[in-house]
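Just the heavy atoms: all of them, side chains too, but no hydrogens, waters or symmetry mates, feed the values below. Throughout, protein chains are lettered first and strands after them, A, B, ... in sequence-line order, and every chain is numbered starting at 1.
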Amino acid sequence: MSLKFGILGLLAEQPLHAYSVKARFEDLLGGSWEVNIGQVYTTLQRLERDGLVEPAEPRGDRGRLPYRLTEVGRKALEAWLAEPESEPQQLREEIYLKLQLATRIANGDLPALLARQRRVYLQRLKDLAVLEQKAKVQGRDDLVLLYKGAILHTEADLKWVDACAQEIRKGEDKR
Amino acid sequence: MTTLVELTEVSKTYDGASGRAALDRVSLGIEGGELTAIMGPSGSGKSTLLNLIAGIDRPSGGRVRVGGEDLGRLSEARLARFRRARLGFVFQFFNLLGNLTVLENVLIPAQLQGTRPATAKARAMELLTRLDIAELAGHYPARLSGGQQQRVAIARALINQPVLLLADEPTGALDTHGGAQVMELIEGLNREGQTVLLVTHDAKLASRHAGRVVTLIDGRVVDDARLEGASPAPQSVVKVRIREGQS
């Protein structure tokens, strides 16, 4: 997820200074990410350098300087919003690496590795259900969608763990 | 807590099958008061396990004890009595009799059990009230929604005060809303002390409502997880990754 376009999107609503950007960004993502204020400053400076944002008031205290979107920034934001997400699938969890190595190492206990991983995913599903319910009660439909996405991904992860377990069982049957 | 269900090295092989056991040396204990989900993909042995615990089928090997009874030692007649008196069943397709009213459907197991009609009726109305469908007592099943029919089926399952409620994909035929209500209800019954064994292929359902999830793959227990119900911090569950330096 791009901080650059996240900031441009927030500034499209109204001019904001760096601390407001940080607070609104975190709220947007339901507290699922703490944004570093240094990252926000750096990104705002780069956006200003590239002509996508500009100070909304005469330059004063850096922390209190509100920025607004320029016309170039608005066009860049609109182009980004219109693009489908086409980056390669990101498999960041270390379980993929562990699985690859465990199959190569003699006596690597794959079923136990998969069972431990399954527990993590099951607990995650339960936790996500709690968060989704909380977001529903709070009327945060945007966060409900974010959690639904995480739930679907976790369900897919679980299915993958089951598929691995079934393959291992097939391998045992052949031996 | 006492162990209500105890499976020891239980196997089941069907005649004419490929040779692979439908259940392969499964050992499992379920305590009274638990809501346990048996989960696994189709063909993993979930229904076989349920049928063995329910005494509908007999194992090829090993021992099944439910409520202190060794089911393998019971005759067919005693097994049938045991099922009626001690177990409650909820199925995917409610299995209500269309020519009987809601109340009459709920009363069937009590009549088979020989309970006094007045006692049975009082208990049935108490359950229908508890399940929020008392006003439907005189209606016929065809007039009810799927969710309401499943509530009737739950009342019928509980009329004889079973020690164990067996629910086999109880939301499988319901829409999301009806399914969620039925599961809330089952979870509520569990909080009041009812032991529940839920069979499902749905990981979301299992993890959301059960405190314990047993996973079967190809007839074997591959995991037995106890889940924590505490309220989590969003950051410990999901993190949105933010790219840096993209300007």
S.K.: Among residues 36-53 of chain B, which residues come closer than 4.5 Å to chain A, judged by heavy atom distances?
M.R.: B:Met39, B:Pro41
S.K.: Between A:Leu131 and chain B, which part of the residue has a heavy atom less than 4.5 Å away: side chain, backbone, both or neither?
M.R.: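 Contact with chain B: side chain only.
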S.K.: Hey, does the side chain of B:Glu228 reach the backbone of A:Gln123 with a donor-acceptor pair shorter than 3.5 angstrom?
M.R.: no
S.K.: In terms of heavy-atom proximity below 4.5 Å to chain B, should A:Glu132 be classed as side chain, backbone, both, or neither?
M.R.: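 Only the side chain of A:Glu132 comes within 4.5 Å of chain B.
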S.K.: Looking at B:Ser236, B:Ala233, B:Pro232, which has the largest count of heavy-atom pairs under 4.5 Å with chain A?
M.R.: B:Pro232
S.K.: With chain B, which of A:Glu155, A:Arg124, A:Arg118 has the greatest number of heavy-atom pairs at distances under 4.5 Å?
M.R.: A:Arg118
S.K.: Quick one: what part of A:Leu158 sits under 4.5 Å from any heavy atom of chain B, side chain, backbone, both or neither?
M.R.: side chain
S.K.: Given heavy-atom pairs under 4.5 angstrom as the criterion, report whether the side chain, backbone, both or neither of A:Tyr121 touches chain B.
M.R.: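 Interface part for A:Tyr121: neither.
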S.K.: For A:Lys126 and B:Gly229, which heavy atoms make the closest approach, and how far apart are they?
M.R.: CE-CA, 4.0 Å
S.K.: Where on A:Leu122 is there a heavy atom nearer than 4.5 Å to chain B: the side chain, the backbone, both, or neither?
M.R.: both
S.K.: Between A:Lys159 and chain B, with a heavy-atom cut-off of 4.5 Å, which part of the residue counts as in contact: side chain, backbone, both or neither?
M.R.: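 Contact with chain B: none, neither part.
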S.K.: Strictly less than 4.5 Å between heavy atoms, which residues of residues 196-218 of chain B line up against chain A? Please order them by number.
M.R.: B:Asp202, B:Ala203, B:Lys204, B:Ser207, B:Arg208, B:His209, B:Ala210, B:Val213, B:Thr215, B:Ile217, B:Asp218
